[in-house]
Amino acid sequence: MSPVSPKPRVVVVGGGAGGAELAAALGRRIGREAAEIILVDCAVSHLWKPRLHEVAAGLLASDEDALSYPALGHANHFRFHLGALTGLDPLARTISITGIQGSDGREIIGPRVIPYDTLILAIGSQVNDFGIEGVVDHCHVLDSGEQASVFQRQLLERAVQVADGPAREIRIGIVGAGATGVELAAELHHAVDALKRYGGLVGESRLAITLIDMSDRVLTNSDLNTSAFAERRLAQLGVDLRLNASVERVTAEAFVLKTGEEVPCDLKVWASGIIGRKVVEQLKGLQIGRGRRIVCDGFLHCVGLQDVYGLGDCAAVPDVKTDKLLPATAQVAHQQAAYLADVIVGSLHGRQPAPFKYRPMGSLISLGARSAAGEFPATKQGSVTMNGLLPKAFYVLLQFLHRAALVGCVHASALSCADALRKTTAPVVKLH
Ligand SMILES: Cc1cc2nc3c(=O)[nH]c(=O)nc-3n(C[C@H](O)[C@H](O)[C@H](O)COP(=O)(O)OP(=O)(O)OC[C@H]3O[C@@H](n4cnc5c(N)ncnc54)[C@H](O)[C@@H]3O)c2cc1C
């Protein structure tokens, strides 16, 4: 029992794809009476990370899609604390978080210490620059809504320069032909086309995208059919695909490949792999594994600590069937959140949990306004692949299901209707 609360206190750190769903589920199930649920995040609102490429392309305004944590807490019976995790004291059962700065940069609340009875670490991951020279200084990454919005503003500025100035085209280089890189390349085409229709700016013909990856196909974690479909779609969109190509360094003007060749770009995006957040190295008692992920057992317990769990991208959790580490995806984070909600509610009734069992439900890659590629697990023949409008509809449904997990089906439907109505008057692409 926490030293300051008569009820058991469950603290979730990180309100992303997994943590926000967990805090909402716990709040609804036990937050009114049986337990005190607290969510901590370094941002004030939740934006679902799988939509960041849409924010970067200007097809989604981050402030329109974001859900405020205090409002989510009010609706789901949890309390929210704004601040970044800085420390963990497993003996005292407390975490430390940073203070809050006001609009003038002065601190309005100092650093705080929050006691817990059960702690869930769900702080996600960040893009891995692999220590390559120039990535930090010259590349955009898509780890947060702010970063995606900065890219979108620079894209717009470049479009204005090309439309009214001497520049001939917008040259965008993306490193990493995984889901993020492929989806971004496709959405950028859609966005730049819309810029011409709505803003009288440039059109697709003046957009040159180069997608670079060291492997021999795009979407290496997907089925061969899905990769082939995505490659055909990217070729139709005119994306210059540079496979089997490694970037040695990045300059202000270009990606420099290991062969010495330079790929000149006005805007550069690094979307090649992820790594755990640096703060985990200063959290006492945790075991940190490959890729800076927190080592957890099959029950999502952080190895070596009691009553501390890892969830989502930050946690290295073995698959009970294969013993391989589970992938860092929103789908895994979603299933782990549902599992931990059951475990924590069950523990109040003395129930012993079974290990977490991941059920892959397939994967979907958005390839522009009306197309997506999807793989769905089938009983015998491995996976079934599907391309075009139907997987696109499933893709949109996934976004709805995530919202529904946070605000309920009725409110999620209302938000979807509001989005649809907004689209009848607003341009499909952000012009400011
Ligand atoms: C562009 C893009 C597209 C993607 N598309 C897909 C897809 O189609 N399907 C799929 O399954 N996966 C996709 N992913 C991966 C997916 O987004 C992640 O696997 C998923 O978001 C992980 O969830 P999480 O809860 O572990 O972390 P996150 O969703 O990243 O949330 C982490 C939270 O922790 C907070 N935080 C970070 N550091 C601290 C700190 N020190 N203190 C307090 N709070 C902190 C952050 O603000 C954030 O709210 C995509 C990722 C990107 C970037």
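Order of appearance sets the numbers: ligands from 1, and atoms from 1 within every ligand. Counting from 1, the numbers follow the sequence of the chain as shown.
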Can you list the atoms of ligand 1 that are under 4.0 Å from a heavy atom of [X]?
X	result
Y69	49 (O)
G15	33 (C), 49 (O)
A122	32 (C), 33 (C), 34 (O)
G312	26 (O)
G18	25 (O)
A333	23 (O)
C42	36 (N), 39 (C), 43 (C), 44 (N), 45 (C), 47 (O)
G124	26 (O), 27 (O), 30 (O), 32 (C)

Review point. Does the distance from a Lys or Arg side-chain N to an Asp or Glu carboxylate O, for R106 and D104, drop under 4.0 Å?
Key: yes
**Study point:** Charged N-O contact under 4.0 Å between D313 and R293
**Key:** no
Selected option - heavy-atom contact closest to [atom], from [options]:
atom	options	answer
atom 48 (C) of ligand 1	V13, L121, D41	D41
atom 50 (C) of ligand 1	G16, A271, A179, P50	P50
atom 52 (C) of ligand 1	T180, L184, I365	T180

Review point. Aromatic rings F151 and H140: how do their planes relate, parallel, tilted or perpendicular, breaks at 30° and 60°?
Key: perpendicular
Check your understanding: Should the pair Y339 and F356 be assigned to parallel (<30°), tilted (30 to 60°) or perpendicular (>60°) ring geometry?
Key -> perpendicular
Does the side chain of [X] reach to within under 4.5 Å of the side chain of [Y], using non-hydrogen atoms?
X	Y	value
R217	L224	yes
H402	R51	no
L184	I172	no
V40	L85	no
V332	P327	yes
I114	R9	yes

For ligand 1 and [X], I'd like to know whether there is a polar contact (N/O to N/O, distance under 3.5 Å).
X	value
Q331	yes
L85	yes
A330	yes
H53	no
A84	no

Point to revise | Per-atom contact, atom 29 (O) of ligand 1, protein heavy atoms, under 4.0 angstrom | key: yes
Check your understanding: Any heavy atom of A328 sitting closer than 4.0 Å to ligand 1?
Key -> yes
Practice item. May I ask whether G83 has any heavy atom positioned less than 4.0 angstrom from an atom of ligand 1? Key: yes
Check your understanding: So, does D65 use its side chain to make a donor-acceptor pair with the main chain of L47 at under 3.5 Å?
Key -> no
Distance to 0.1 Å, residue and atom name: give those for the protein heavy atom nearest to [atom].
atom	result
atom 22 (C) of ligand 1	D313 OD1, 3.2 Å
atom 23 (O) of ligand 1	A17 CB, 3.4 Å
atom 53 (C) of ligand 1	L142 O, 3.5 Å
atom 8 (O) of ligand 1	L364 O, 4.0 Å

Review point. Side chain, backbone, both or neither: which part of R277 has a heavy atom under 4.0 Å from ligand 1?
Key: side chain
Point to revise | Worked verdict on V135 versus V175 for side-chain contact (heavy atoms from CB on, under 4.5 Å) | key: CA-CA 10 Å; V135 175; V175 175; over 6 Å; no
Exercise for review: State which residue, out of I132, T180, I174, fulfils the side-chain contact (heavy atoms from CB on, under 4.5 Å) condition with W270.
Suggested key: I132
Check your understanding: Are Y358 and Q336 linked by a side-chain donor-acceptor pair shorter than 3.5 Å?
Key -> no
